[in-house]
Protein chains: 2
Amino acid sequence: MTQEQFAKYSFLLDRTARKVKQYAQQQFKQGDFDVTVDQWLVLKNLSEHGLLSQTELANLVFKDHPTLTRIIDLLCKKGYVERIPHPQDRRSFQLHLTDSGVAKVTSLRPKILEIREKAWENLNENDFDEFKRILNTIYQNLDGQVMEE
Amino acid sequence: MTQEQFAKYSFLLDRTARKVKQYAQQQFKQGDFDVTVDQWLVLKNLSEHGLLSQTELANLVFKDHPTLTRIIDLLCKKGYVERIPHPQDRRSFQLHLTDSGVAKVTSLRPKILEIREKAWENLNENDFDEFKRILNTIYQNLDGQVMEE
DNA sequence: TACAAATAATTAGTGTGACAAATATATAAA
DNA sequence: TTTATATATTTGTCACACTAATTATTTGTA
């Protein structure tokens, strides 16, 4: 196989990742979910991990700080999240899901799991494991850090 | 496997695609390539397919028209591409690589192939084929269209 | 204590992505 | 021929990614 054909992975990866996000976003819009795909990722992690600082959350969702700041801004504006001053460290906030945010996560979770399934038609569990392994290997190769599962 | 674990593919896919682009972009910057990763994709396709309209190019690189318009704007500003009025159709342009654009592609191509290889350490040709198959299947599942290749 | 270095979060600037709407031109149908 | 429809490209708006720089605060060290 030539270097040339080999290098196509970056194109296919980018194209598929965009398609996955675009498909989900369309479904989100059609169902009037009132959040974007990335906002959902943040809400989901907040609901699973309780009070987090923005730095802790950034490490969970693998987004950089400026991006996260803006996503949090939008979620606060929508009333799903609150920034609570950290009691010991005045530089920091603790992020808190409001009641409205908790209700949003509860109502969206099953719908989103269903949307995510569509991508795996014609693929099996073994494909999923292989896919995960290859994605994680690529990530590690370019990151130079050890990854948790 | 639970639906929950299964749905993680979207996170891993997005994270890896961003890492791949980020890694390449850093190398581009370090080497003073004077183009972004997406601008390179456009230059590369122009060099391989000669005169194209923006619509033809958009279909090749799987970007939408507004995005492509802006990338072309930047490449024109940098002097690598020209918009030539289409002789028969006054709505349309033929995109043309300038001498400077051709030189850019020639000098960058081998460097970029080398950068792209880094991702595939610890992976073999069979992994590549599996990866391609799964990515394309996911794409098709969400796109509803038939794909070439 | 005082001062330097590290950390948490934000702001600013540029590029890209998706979607909707607008503009100009071409083609097909009445 | 007139009108309707389709096509090529652009513009506008919002969201996200990355970089660099900034502000406020905390921690480490002399």
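Residue numbers begin at 1 in each chain, while the letters A, B, ... track the order of the sequences.
- Put simply, the side chain of B:Thr67 reaches to within 4.5 Å of the side chain of B:Asp64, judged on heavy atoms.
- Residue-to-nucleotide proximity on DNA chain C shows that, of B:Thr67 and A:Ile72, the 5′-proximal contact is made by A:Ile72.
- Look at CG on A:Asp143: it is 12 Å from P on D:dC18, rounded to the nearest Å.
- As a whole-Å value, the separation of A:Leu68 CG from C:dT7 C1' is 16 Å.
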- Message: Applying salt bridge (charged side-chain N to carboxylate O under 4.0 Å, His left out) to B:Glu114 and B:Arg109, what does each step give before you reach the verdict?
- Response: CA-CA 9 Å; B:Glu114 203 172 327; B:Arg109 186 190 300 277; over 6 Å; no
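- Without hydrogens or angle criteria, A:Lys78 side chain to A:Asp34 main chain gives a donor-acceptor distance under 3.5 Å.
- When distances are taken from the side chain of A:Asp14 to each of D:dT10, C:dG15, C:dG17, the shortest belongs to C:dG17.
- A donor-acceptor contact under 3.5 Å is formed by the side chain of B:Arg91 with the base of D:dT7.
- Contact annotation for B:Gln94: no contact, since no heavy-atom pair falls under 4.0 Å across all strands.
- Between D:dT7 and B:Ser92, no contact under 4.0 Å exists linking OP1 or OP2 to a side-chain N or O.
- Within the structure, every side-chain polar atom (N or O) of A:Lys21 is placed at least 4.0 Å from both OP1 and OP2 of C:dG17.
- In this structure, B:His65 places its NE2 atom 14 Å from P of C:dA20, rounding to the nearest Å.
- One atom, CZ of A:Phe62, and another, P of D:dC16, lie 19 Å apart when rounded to the nearest Å.
- For D:dC16, one of the phosphate oxygens OP1 or OP2 lies less than 4.0 angstrom from a side-chain nitrogen or oxygen of A:Thr36.
- Within the nucleic acid shown, A:Asp64 comes within 4.0 Å of at least one base atom, counting heavy atoms only.
- Between B:Lys78 and C:dG15 there is no side-chain N or O to OP1 or OP2 distance below 4.0 Å.
- The CG atom of A:Leu57 sits 15 Å away from the C1' atom of D:dC16 (whole-angstrom rounding).
- Of the side-chain N and O atoms in B:Lys77, none sit less than 4.0 angstrom from OP1 or OP2 of C:dT14.
- For D:dA17, one of the phosphate oxygens OP1 or OP2 lies less than 4.0 angstrom from a side-chain nitrogen or oxygen of A:Lys63.
- Considering only side-chain N and O atoms, B:Gln22 lies under 4.0 angstrom from the phosphate OP1 or OP2 of D:dC18.
- Remark: side-chain polar atoms of B:Lys29 are not paired, donor with acceptor, to backbone N or O of B:Ala24 under 3.5 angstrom.
- Here A:Gln54 reaches the OP1 or OP2 of C:dT10: one of its side-chain N or O atoms lies under 4.0 Å away.
- In this structure, the CG atom of B:Leu41 is 14 Å from the C1' atom of C:dG17, given to the nearest Å.
- Among the nucleotides D:dT25, C:dG13, C:dT10, the one closest to any side-chain atom of A:Arg70 is C:dG13.
- When rounded to the nearest whole Å, the span between CZ of B:Phe93 and P of C:dA26 equals 12 Å.
- Residue-to-nucleotide contacts include no donor-acceptor pair under 3.5 Å from the side chain of B:Arg18 to the base of C:dG17.
- A:Gln39 places a side-chain N or O within 3.5 Å of a backbone atom of A:Thr36 that can act as its donor or acceptor partner.
- At D:dA8, none of the side-chain N or O atoms of B:Ser53 fall inside 4.0 Å of OP1 or OP2 (strictly under the cut-off).
- Residues B:Asp89 and A:Asp38 both approach DNA chain D. Their nearest nucleotides, taken by heavy-atom distance, put B:Asp89 toward the 5′ side.
- At D:dT10, one or more side-chain N or O atoms of B:Arg83 fall inside 4.0 Å of OP1 or OP2 (strictly under the cut-off).
- A close approach under 4.0 Å does not occur between any side-chain nitrogen or oxygen of A:Gln25 and OP1 or OP2 of D:dA15.
- Distance, A:Gln26 CD to C:dA20 P: 9 Å, rounded to whole Å.
- Aromatic rings of A:Tyr80 and A:Trp40 (six-membered ring for Trp) have centroids beyond the 6.0 Å cut-off, not under it.
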- Decide salt bridge (charged side-chain N to carboxylate O under 4.0 Å, His left out) for A:Arg133 and A:Glu130; before the verdict, give the C-alpha distance in whole Å, the side-chain angles of both, and the deciding distance to 0.1 Å. CA-CA 5 Å; A:Arg133 173 180 65 83; A:Glu130 287 289 284; 3.0 Å; yes
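- Here B:Thr55 reaches the OP1 or OP2 of D:dT9: one of its side-chain N or O atoms lies under 4.0 Å away.
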